[in-house]
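Only heavy atoms go into these numbers, but all of them, side chains included; no hydrogens, no water, no symmetry mates. Residue numbers begin at 1 in each chain, while the letters A, B, ... track the order of the sequences. Keep in mind that what you see is a predicted model, and the values were worked out from it rather than measured.
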There are 2 protein chains.
Amino acid sequence: MTAEVGPKLRSDARDNRERILAVARLAFATEGVDVPIREIARRAEVGPATLYRHFPTKDALLAEAFAEQMETCSAIVAEGLAAADPWQGFRLVVERLMELHALDRGFARVFTSRLPEAVFAADRDRTLRMLLDLVGRAKKAGPLRRDFVVEDLSLALMANEGIRAESPATRVAASRRFAALMIQSFMAEPVAAPLPPPVRLPLSRA
Amino acid sequence: MTAEVGPKLRSDARDNRERILAVARLAFATEGVDVPIREIARRAEVGPATLYRHFPTKDALLAEAFAEQMETCSAIVAEGLAAADPWQGFRLVVERLMELHALDRGFARVFTSRLPEAVFAADRDRTLRMLLDLVGRAKKAGPLRRDFVVEDLSLALMANEGIRAESPATRVAASRRFAALMIQSFMAEPVAAPLPPPVRLPLSRA
DNA sequence: AGACAACCGGACGGGGTGTTCCGTTACGGT
DNA sequence: ACCGTAACGGAACACCCCGTCCGGTTGTCT
């Protein structure tokens, strides 16, 4: 997964490459995908040209930076699929996916778009297929409403992306409550369950 | 509301002003608030300077352009407040607010931000106060869950804003289903109700 | 009809972004 | 220690955005 040693890189080049990726991951996660390339280069103490030599385009950088997050997504769904109770598995998947997306603003954006041309398409489709399986089981087990479709989870993830807040902490808190609400709405024979604490959203500027 | 004749404008100036506003409303609604000023000027067949003479800043244009939408928001809540059944009123408010926000991308953004410095603050607060009243009644009447807070509606509106789609039609359709789901999750003693048709979201680029 | 004020639009300067050119540096094998 | 070459980074390119200034044009009032 994280190997791809490919062509032998010079030591300084390899260092730079990894430093750029680390900086980019942090920046994209906390500030979103709109962080300028130059800024990432600056923080990695590297010239813009160096960055472009390693990643021929911004999409390439995004793809590389989010590869592990994409992997995490698959892992989350796989884990949910492995749960004894399909409904609890589904529920867990929704909660953890939303938390992941709330923690990494950039990844959320990329996941619900098709920014890196088709780099993620395969992974995403694989994940969605697993999810389809899980949904089927959760319906058969009863608690998931029959008219639920996988697209509803995409919808929920997109919606989750709309939640903005000054700090990551409040964003995650808000996202948690939102996830709980969505799960409520996905139940076939719902029973009102307690929610995570409400969050006051102070109308950020962006 | 829509009067404010203020200083007598020359006939051509008044024409331009209204044309700019019409174009701006359309552009902001369909493409969001990030439409460049110059582009709006171009579509209104007017120079940039003319636009700036009428609206000294982009925020001023936004404020003026969305004034009527803001009014509509108040009207929607007022109407919900006037309904015989508070829960039906609340439900209607949620549905209509979300539809309004889905129809007007720019307004949704402005409503959940504080872009025009404090132009909308008063209206928004007034609307929120009415909403608070409605929420109280809907709780007292029973169907609205006790741990619901007004911030949950803000949350839902923000989330609604995250729903992107190529065409306004699919966006509205998706938003409608989303609203139905959210309403489900707001019920104190929920009973699974049928949902609007599911929507396939073809992963737009933006 | 004429004259003045108000209005118009093209052009300007300042700032920001993704991407590329090219002269310089320094790694690493001999 | 040496030197070929991979890798570097600052500057520059092309594009887009905002907000302003200025000389020409047009409406309106006498």
Side-chain angles (χ1 to χ4, degrees), chain A residues 4-25 27-28 31-66 105-106 109-110 113-117 119 205-206, chain B residues 5-24 27-28 31-65 105-106 109-110 113 115-117 119 205-206:
Chain A
E4 62 173 284
V5 280
K8 46 235 167 200
L9 239 46
R10 226 170 66 178
S11 67
D12 55 346
R14 204 173 41 78
D15 277 4
N16 280 335
R17 185 174 210 280
E18 284 176 15
R19 202 146 21 89
I20 290 170
L21 266 180
V23 166
R25 288 202 177 101
F28 289 148
E31 300 165 47
V33 294
D34 287 336
V35 177
I37 287 266
R38 314 175 78 96
E39 180 62 19
I40 291 173
R42 203 184 57 75
R43 292 186 201 173
E45 296 173 351
V46 154
T50 298
L51 197 157
Y52 271 95
R53 200 167 308 107
H54 287 294
F55 309 96
T57 173
K58 188 169 185 175
D59 279 5
L61 178 59
L62 287 171
E64 199 93 27
F66 291 134
R105 211 160 173 56
R109 174 79 171 279
V110 165
S113 303
R114 49 173 167 81
L115 271 176
E117 264 311 324
V119 188
R205 167 151 278 274
Chain B
V5 279
K8 46 239 166 199
L9 242 43
R10 228 170 67 175
S11 66
D12 55 346
R14 202 173 43 77
D15 278 3
N16 281 336
R17 185 175 210 282
E18 284 177 14
R19 202 145 21 87
I20 290 171
L21 265 181
V23 166
F28 289 148
E31 300 165 47
V33 293
D34 287 336
V35 176
I37 287 268
R38 312 179 78 96
E39 180 62 19
I40 291 173
R42 203 185 56 75
R43 292 185 202 174
E45 296 172 353
V46 153
T50 300
L51 198 156
Y52 275 97
R53 200 168 309 106
H54 286 296
F55 308 97
T57 173
K58 189 168 186 177
D59 279 6
L61 176 60
L62 287 171
E64 198 92 26
R105 209 159 174 55
R109 175 80 172 279
V110 166
S113 304
L115 271 175
E117 264 312 325
V119 188
R205 168 151 275 274

Atom-pair distance ([atom1] on [X]; [atom2] on [N]), nearest Å:
| X | N | atom1 | atom2 | answer |
| --- | --- | --- | --- | --- |
| Y52(A) | dG18(C) | OH | P | 6 Å |
| I40(B) | dG19(D) | CD1 | C1' | 14 Å |
| R42(B) | dC8(C) | CZ | P | 18 Å |
| D12(B) | dC7(C) | CG | C1' | 6 Å |
| L51(A) | dT20(C) | CG | P | 12 Å |
| F55(A) | dG18(C) | CZ | C1' | 16 Å |
| L62(A) | dG18(C) | CG | P | 10 Å |
| D15(A) | dA26(C) | CG | P | 15 Å |

Taking 4.0 Å as the cut-off, does a side-chain nitrogen or oxygen of [X] come that near to OP1 or OP2 on [N]?
| X | N | result |
| --- | --- | --- |
| T50(A) | dA7(D) | no |
| N16(B) | dC7(C) | no |
| H54(B) | dC7(C) | no |
| K58(B) | dG19(D) | no |
| T57(A) | dG18(C) | no |

### Query
Once you round to the nearest 0.5 Å, how far does OH of Y52(B) lie from NZ of K58(B)?
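Going from OH on Y52(B) over to NZ on K58(B), the span is 8.0 Å.
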### Query
To the side chain of I37(A), which of dC18(D), dG18(C), dC8(C) is closest?
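So the side chain of I37(A) is nearest to dG18(C).
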### Task
For V46(A) and for R38(A), locate the closest nucleotide of DNA chain D by heavy-atom distance; then report the residue assigned to the nucleotide nearer the 5' terminus.
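Checking each residue's closest nucleotide, the 5'-ward one belongs to V46(A).
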### Query
Is there a donor N/O on one and an acceptor N/O on the other, under 3.5 Å, for the side chain of R53(A) and the base of dG9(D)?
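Donor-acceptor pair under 3.5 Å: yes.
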### Message
I'd like to know if R10(A) reaches the base of dA6(D) with its side chain such that a donor and an acceptor end up less than 3.5 angstrom apart.
### Response
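Present.
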### Query
So what does E39(A) hit on the nucleic acid, given a heavy-atom distance under 4.0 Å: a base, only sugar-phosphate, or nothing?
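If one applies the 4.0 Å heavy-atom cut-off, E39(A) turns out to touch nothing in the nucleic acid.
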### Task
Give S11(B) one of three labels, base, sugar-phosphate or nothing, depending on what nucleic acid heavy atoms sit under 4.0 Å from its own.
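Here S11(B) touches the backbone only, sparing every base.
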### Query
Is atom CD of E45(A) surrounded by more than 12 heavy atoms (other residues, nucleotides or ligands) closer than 6.0 Å?
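At most 12 heavy atoms, drawn from other residues, nucleotides or ligands, come within 6.0 Å of this atom.
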### More than 12 heavy atoms of other groups within 6.0 Å of E39(B) CD
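Yes - once you tally the heavy atoms of other residues, nucleotides and ligands closer than 6.0 Å, there are more than 12.
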### Ion pair E31(B)/R43(B), N-O distance below 4.0 Å
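Judged by the 4.0 Å cut-off on N to carboxylate O distance, E31(B) and R43(B) do form a salt bridge.
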### Task
Take V35(A) and A13(B), find for each the nucleotide of DNA chain C with the closest heavy atom, and name the residue whose nucleotide sits nearer the 5' end.
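First, find each residue's nearest nucleotide; the 5'-ward one identifies A13(B).
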### Within-4.5 Å side-chain heavy-atom neighbours: D34(A) and R109(A)
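In short, these two side chains touch, coming nearer than 4.5 Å.
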